[in-house]
Number of protein chains: 2
Amino acid sequence: MIWTVDPTAPEPLYAQLVAQVHVALSYGDLADGDRLPSARELAQSLDLNIHTVLRAFQILRDEGVVELRRGRGAIITARSTTGTTNATREADGVRQALRQYVDAGTAAGLPPEALITLLKEALRS
Amino acid sequence: MIWTVDPTAPEPLYAQLVAQVHVALSYGDLADGDRLPSARELAQSLDLNIHTVLRAFQILRDEGVVELRRGRGAIITARSTTGTTNATREADGVRQALRQYVDAGTAAGLPPEALITLLKEALRS
DNA sequence: TACTTGTTCTAGATCATATAGAACAATGTG
DNA sequence: CACATTGTTCTATATGATCTAGAACAAGTA
C-alpha cells in the first residue's frame with residue numbers, strides 16, 4: 001500500500017491517513033489481518049510527527065477498523081458482515097451504488113457538498 | 001423553514017447552516033427563487049454573530065446555491081439540470097440511491113466514516 | 001430620502017491541528 | 001531472560017481555524 005499526505009490540503013493530516021485506509025479497505029487492498037506500518041515508520045517515511053500518525057491510528061481503532069497492541073502494531077480487524085462472501089464483489093457493489101447516488105444527486109441539481117451533507121445525515125440515524 | 005444550531009457539535013456553526021440548506025434543497029423545502037432570512041435576522045434568532053451567518057451565505061454562494069445582493073438578501077438559485085422535471089420526484093430518487101449506497105457499504109463491513117471518505121473521493125474527480 | 005442588506009476591515013478569544021521531547025508499558029524476538 | 005519494537009501517556013509550543021465584536025461602507029428596496 002502506498003501512503004501519501006498533502007500538507008497543503010484543507011483536510012487534516014491525520015484525516016488523510018484515515019481516509020487512505022478507508023479507500024484501501026473499499027478496494028480490498030487492505031483486509032482482515034493485514035498489518036499497517038508502525039507509527040514511527042510511517043511518520044518517518046511521510047515526514048510527519050509520530051503523534052499525528054498515532055492520532056489516525058486511534059481514530060481507526062475507535063471506528064473498529066484496526067486493533068492496536070504495543071509491540072505488535074495496527075492490525076486490520078474490519079470484517080464483512082456476510083462472513084465468507086467475496087470481499088471484492090461486495091466492494092464493487094458499494095462502488096456501483098456510490099456512482100448511482102452521485103449521478104442521481106447531480107441530475108437533481110444538488111451541489112456536491114449537499115450530497116456529503118445528506119450522507120452524513122443518513123449515517124447519523 | 002426551521003433553523004437550528006448546536007454550539008456543542010463538532011461541526012462548525014457556519015457549516016451547520018450550510019448543511020441545513022442542503023437538506024432543505026434535497027427535500028424541496030427550498031426551491032428556486034426562495035429567499036433566506038437576512039443574515040442579521042438569522043444571527044439574532046439563532047444567537048449567533050452576523051459574521052458566522054454571512055460566512056455560511058458566502059459558502060452557499062460559492063457553491064452556486066444562492067445569489068447574494070445587498071438590500072435584497074440571499075435567494076436560492078440552485079436549479080435542476082433537467083429543467084421542467086418534478087423536483088420532488090428527483091429528490092426521492094436521490095434518497096433511494098443514498099439508502100442503497102449506505103446499505104451496500106454496511107453490508108460490505110465498511111465503517112460509516114469510510115462511506116463518507118469514498119463519496120468525497122468520488123466527487124473529487 | 002430612509003431603510004434594509006450584504007461587504008469589508010480590524011481586533012481579540014478560544015479551540016483544533018501539528019510538532020517536539022520524554023518516559024512508560026505491553027508485546028515480540030533472539 | 002535480555003533486548004528491541006510498538007503503542008500509550010504526559011507536558012509543551014507554534015500556527016491556523018473558528019467565533020465573536022464593532023464599525024464603516026455600498027448597493028438595493030420602499
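All values below come from the heavy atoms of this structure, side chains included, with hydrogens, waters and symmetry mates left out. All chains are named by letter (A, B, ...) in the order of the sequence lines, taking the proteins before the strands, and each is independently numbered beginning at 1. All values reported here derive from a predicted model rather than from experimental measurement.
Put simply, A/Tyr14 has no side-chain N or O that comes within less than 4.0 Å of OP1 or OP2 on C/dA18. In this structure, B/Thr52 reaches the D/dT20 phosphate: one of its side-chain N or O atoms is under 4.0 Å from OP1 or OP2. Of the side-chain N and O atoms in A/Gln58, none sit less than 4.0 angstrom from OP1 or OP2 of D/dG7. Contact between the side-chain N/O atoms of A/Ser38 and the OP1/OP2 oxygens of D/dT5 is not found at any separation under 4.0 Å. In this structure, A/Arg70 does not reach the D/dT9 phosphate: none of its side-chain N or O atoms is under 4.0 Å from OP1 or OP2. In terms of phosphate contacts, A/Arg40 brings no side-chain nitrogen or oxygen within less than 4.0 Å of OP1 or OP2 of D/dA4.
Rounded to a whole Å, the CD atom of B/Glu11 is 18 Å from the P atom of C/dC15. Regarding B/Glu41, its CD atom lies at a distance of 7 Å from the P atom of C/dT5, rounded to whole Å. Look at CD on B/Glu67: it is 13 Å from C1' on D/dG28, rounded to the nearest Å. We find that CD1 of A/Ile75 is positioned 11 Å from P of D/dT6, with the value rounded to whole Å. Atom CG in B/Leu60 sits about 12 Å away from atom P in C/dT7, given to the nearest Å. Atom CZ in A/Arg55 sits roughly 15 Å away from atom P in D/dT9 (whole-Å rounding). Rounding to whole angstrom units, CG of residue B/Leu42 and P of C/dT5 are separated by 11 Å. Taking atom CD1 of residue B/Ile59 and atom P of nucleotide C/dT7, one finds them 13 Å apart after rounding to whole Å.
Across all strands, B/Ile50 comes closer than 4.0 Å to no nucleic acid atom at all (heavy-atom distances). At the heavy-atom level, A/Leu54 lies under 4.0 Å from base atoms of the strands shown.
Comparing atom distances between the B/Asn49 side chain and each of D/dA21, C/dT7, C/dG6 picks out D/dA21 as nearest. The side chain of B/His51 has D/dG22 as its nearest neighbour among D/dG22, C/dT7, D/dT9.
Note on A/Arg61 versus A/Glu63: no salt bridge recorded, every NZ/NE/NH1/NH2 to OD/OE distance being 4.0 Å or above.
No side-chain donor from either of A/Glu121 and B/His22 sits under 3.5 Å from a side-chain acceptor of the other.
Toward the 5' end of DNA chain C, the nearer of the two residues A/Leu13 and A/Arg72, judged by each one's closest nucleotide, is A/Leu13.
At least one side-chain heavy atom of B/Leu46 sits less than 4.5 Å from a side-chain heavy atom of B/Leu17. You'll find the side chain of A/Val94 stays beyond 4.5 Å of the side chain of A/Ser26, heavy atoms only. At least one side-chain heavy atom of A/Leu119 sits less than 4.5 Å from a side-chain heavy atom of B/Ile116. Between A/Met1 and A/Asp29, every side-chain heavy-atom pair lies at or beyond the 4.5 Å cut-off. Counting heavy atoms from C-beta outward, B/Gln58 and B/Tyr14 have side chains that stay 4.5 Å or more apart.
Figure legend: B/Arg99 and A/Tyr101 shown without cation-pi pairing, the cationic atom not lying both under 6.0 angstrom from the six-membered ring centre and within 45 degrees of its axis.
Inter-axis angle, ends of the helix from C/dT1-D/dA30 to C/dG30-D/dC1, five pairs per end, rounded to 10 degrees: 40°.
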